[in-house]
Amino acid sequence: MTTVLINGAWEVGENAGLPVFDPATEREICCVPSASEDQVRRAVEAAAAAQPAWAALEPWRRADALRAMAACLSQNRQELAELISAEVGKPLRKAGEDVDNAAVYLEYMAQWDRRIEGEIVPADNRDETILLTRVPVGVVAAITAWNYPLDLFIRKAAPALITGNTMVVKPTEVTPLATIRAIELISEQKCVPDGVLNLVTGGGAVGAQLCSHPLVNMITMTGHRDTGKRIMAGAATTLARVSLELGGSAPAIVWKDADLDLAADAIAFASFENSGQVCTSSERILVHRDVHDDFVERLIERANRLKVGSSRDDVDLGPLVNRVQFQKVSEAIDLARAQGGTLRCGGHGLPSLPASGYWVRPTVMTDVTPQMSIFNEETFGPIAPVIRIDSFEEAIRLANATRYGLSAFLFSNDYRLIMRAQNELRFGEIYVNRTMGEALQGFHNGHQESGIGGEDGKHGVLKYTQIRTVYHRYG
Ligand code: NAD
């Protein structure tokens, strides 16, 4: 199995393979060989060698390359969706949406070809012009997480490539198959010149080697907070620029004047979509005492309505991605119950769920308090822990009681409270009266320990450039 792409040539990874499992059955789908140290080194060198010519291309030619990549993904939608569905466990319909989103993202980023502008600033000297131009960063190492594998790869590749950088991609070892196949298709169709997009496979050790290579100028990673911290510490040795999209523990405040049906729909989606394995998932539901019981009933009704099952069937949720994730989520539920939480619906190990596979039904827990572990750590599972609140001050204080800062939700129709929350919530992304789902032209970026920078919109694309100042003396 060739899973390493260096300067347009496919190679078999020289190190031992890592198995990829079907989370619905626990059966091994295949084993993906890991790249050796030498292969990682050569992949970075290939990217560095290809970078000047790629950067010298007219920007519209790079945009054409991105559009060709988008077409390539769309033409192979079914195959890629099946791979995503098999390795992540998500329903085929949702996996198809992932492919569509990746294609749209490439189309959007292609439009930046004529939009990256410089500046002219006043000079201190006569007969002098000072230009601030934007140039590529150089070689980008891209490291992805397993929940939206194809989209996370494209979120990094599109802004990196349009701005004239070249790349080495290391997909997550848990769900690498769709990314490997997408890069295979892109390379077969010659969407980009050899060396512009390189691929190495493997786990954290391969990622660490890649990040430490002195020719890597920027590291962009999506994953767990603790991995992000390790990457950042490592980057101190080369001073590579670091962009991190990390975890979260999003609060969702349901104020007493909220439209409870709207809030229940939005929070059910934000807590259970992709089996809760979304960085913006609502993980702490703070509900005003006056509407607590009413809201909880509505949330339970929606949770019970969701169909859980094999990815091929017409279901809403599949299994969790792997055994590690399943154990983490199951233990979080059990510990919350032991600490005084009440399981209102859902859970793991239910007779209605298949015996093999990593199944957890959408779970609603009440009587949750800020002292419980479930309140304090990212669970990344289909759990909605509900906490009763009495005042808006308490809601804001509890919402902010986390070192994470990715996203937050607020449901209210009180304009003054909404504006207060907008100012006082310490999160990079705030959804008011709606569920999660960021826009391409926004900026999905975490504050605090949820990361540094995002990949989308103007701020995402400019991050893949650096400023060069040129002093033109003509007197
Ligand atoms: P992870 O941190 O375990 O792995 C992410 C990637 O980092 C993998 O490719 C892994 O091989 C690599 N890696 C591990 N150690 C490394 C090292 N020392 N150096 C370089 N690379 C290394 O994360 P995961 O379990 O795959 O993903 C789940 C996490 O991702 C959750 O916390 C979730 O919130 C977060 N996430 C965040 C966003 C976002 O946009 N903020 C999006 C999706 C997922």
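Heavy-atom basis, side chains included; hydrogens, waters and symmetry copies ignored. This structure is a prediction, so every number in the text was calculated from the model and none was measured. Start at 1 and go down the list; that is how both ligands and their atoms are numbered.
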Asks: My understanding is that we take every heavy atom of each candidate and find the minimum distance to atom 18 (N) of ligand 1. Doing that for Gly247, Ala235, Ala208, Ala141, which one comes out nearest?
Replies: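 Residue with the shortest heavy-atom distance to the ligand atom: Ala208.
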Asks: If you look at every heavy atom in Glu377 and Tyr404, which pair is closest and at what distance?
Replies: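 Between these two residues, the closest heavy atoms are OE1-OH, 3.8 Å.
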Asks: In the protein, what heavy atom is nearest to atom 13 (N) of ligand 1, and what distance, to one decimal place, separates them?
Replies: Thr227 CG2, 3.6 Å
Asks: Do you see a donor-acceptor pair shorter than 3.5 Å between the side chains of His444 and Glu429?
Replies: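 Per modelled atom types, His444 and Glu429 side chains form a pair under 3.5 Å.
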Asks: Which atoms of ligand 1 are found less than 4.0 Å from any heavy atom of Leu406?
Replies: 41 (N)
Asks: Can you check which of Pro149, Gly223, Pro176 brings a heavy atom nearest to atom 29 (C) of ligand 1?
Replies: Gly223
Asks: Quick check on contacts: which atoms of ligand 1 are under 4.0 angstrom from a heavy atom of Gly207?
Replies: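 Going through ligand 1 atom by atom, the ones under 4.0 Å from Gly207 are 19 (N), 20 (C), 21 (N).
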Asks: Do we see a donor-acceptor contact under 3.5 Å between the side chains of Thr163 and Asn165?
Replies: yes
Asks: Would the Trp146 and Phe380 ring centres measure less than 6.0 Å apart?
Replies: yes
Asks: Is the closest N or O pair between Leu152 and ligand 1 shorter than 3.5 Å?
Replies: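 No; every N/O pair is 3.5 Å or more apart.
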Asks: What pair of heavy atoms forms the shortest contact from Gly13 to Thr3, and how long is it?
Replies: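 Distance-wise, the nearest heavy atoms are N-OG1, 4.4 Å.
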Asks: Quick test: of every protein heavy atom, which one is nearest to atom 6 (C) of ligand 1, and how far off is it to 0.1 Å?
Replies: Thr144 O, 3.3 Å
Asks: Going by atom types alone, do Glu283 and Ser281 pair a side-chain donor with an acceptor below 3.5 Å?
Replies: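 Note: Glu283 and Ser281 side chains miss the donor-acceptor criterion.
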Asks: With a heavy-atom distance limit of 4.0 Å, tell me whether Tyr148 approaches ligand 1 through its side chain, its backbone, both, or neither.
Replies: neither
Asks: Starting from atom 23 (O) of ligand 1, what is the nearest protein heavy atom, named by residue and atom, and what distance separates them?
Replies: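 Here the closest protein heavy atom is His224 N, 3.2 Å.
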Asks: To the nearest 0.5 Å, how far apart are OG in Ser34 and CD in Gln209?
Replies: 9.5 Å
Asks: Using heavy atoms and a threshold below 4.0 Å, how should the contact between Asn147 and ligand 1 be classified: side chain, backbone, both, or neither?
Replies: side chain
Asks: Using a 3.5 Å cut-off on N or O atoms only, is Ser450 in polar contact with ligand 1?
Replies: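 Such a contact does not occur with ligand 1.
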Asks: Tell me, which protein residue and heavy-atom name are nearest atom 41 (N) of ligand 1, and how many Å apart are they?
Replies: Leu246 O, 2.7 Å
Asks: Strictly under 4.0 Å, does any heavy atom of Gly203 approach an atom of ligand 1?
Replies: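 The answer is yes: ligand 1 sits under 4.0 Å from a heavy atom of Gly203.
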Asks: Distance to 0.1 Å, residue and atom name: give those for the protein heavy atom nearest to atom 28 (C) of ligand 1.
Replies: Phe380 CE2, 3.9 Å
Asks: With rounding to the nearest 0.5 angstrom, report the OH to CG distance, Tyr105 to Leu66.
Replies: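 The CG atom of Leu66 is 10.0 Å from OH of Tyr105, to the nearest 0.5 Å.
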Asks: Identify, by atom number and element, the atoms of ligand 1 in contact range of Cys279, meaning under 4.0 Å from any of its heavy atoms.
Replies: 34 (O), 36 (N), 37 (C), 38 (C), 39 (C), 40 (O), 41 (N), 42 (C)
Asks: Looking at Lys458, I want to see if its NZ is surrounded by more than 12 non-hydrogen atoms of other residues, nucleotides or ligands under 6.0 Å.
Replies: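 For Lys458, atom NZ is not crowded (no more than 12 foreign heavy atoms under 6.0 Å).
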Asks: Nearest heavy atom to atom 31 (C) of ligand 1 wins, so pick from His444, Glu378, Glu438.
Replies: Glu378
Asks: Can we say Arg181 and Glu184 salt-bridge, meaning some charged N sits less than 4.0 Å from an Asp/Glu carboxylate O?
Replies: yes
Asks: Report the part of Val174 in contact with ligand 1, treating N, CA, C, O as backbone and CB onward as side chain, heavy atoms under 4.0 Å; options are side chain, backbone, both, neither.
Replies: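 Near ligand 1, Val174 shows nothing, with every heavy atom at 4.0 Å or more.
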Asks: I need the atoms of ligand 1 closer than 4.0 Å to a non-hydrogen atom of Glu173, numbered in the order shown.
Replies: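 Within the 4.0 Å cut-off of Glu173, ligand 1 contributes 8 (C), 9 (O), 10 (C), 11 (O).
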Asks: Just go through Thr222, Asn274, Ile143, Asn322 and tell me whose heavy atom is the nearest to atom 5 (C) of ligand 1.
Replies: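 The residue whose heavy atom sits nearest atom 5 (C) of ligand 1 is Thr222.
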Asks: Please list the nearest protein heavy atom to atom 27 (O) of ligand 1 with its residue and the distance rounded to 0.1 Å.
Replies: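 The answer is Ala145 CB, 3.3 Å.
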Asks: Where is the nearest protein heavy atom to atom 17 (C) of ligand 1: which residue, which atom, and how far?
Replies: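 Checked against all protein heavy atoms, atom 17 (C) of ligand 1 sits closest to Gly204 O, 3.7 Å.
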Asks: Quick one: nearest non-hydrogen protein atom to atom 26 (O) of ligand 1, plus distance?
Replies: Trp146 CD1, 2.9 Å
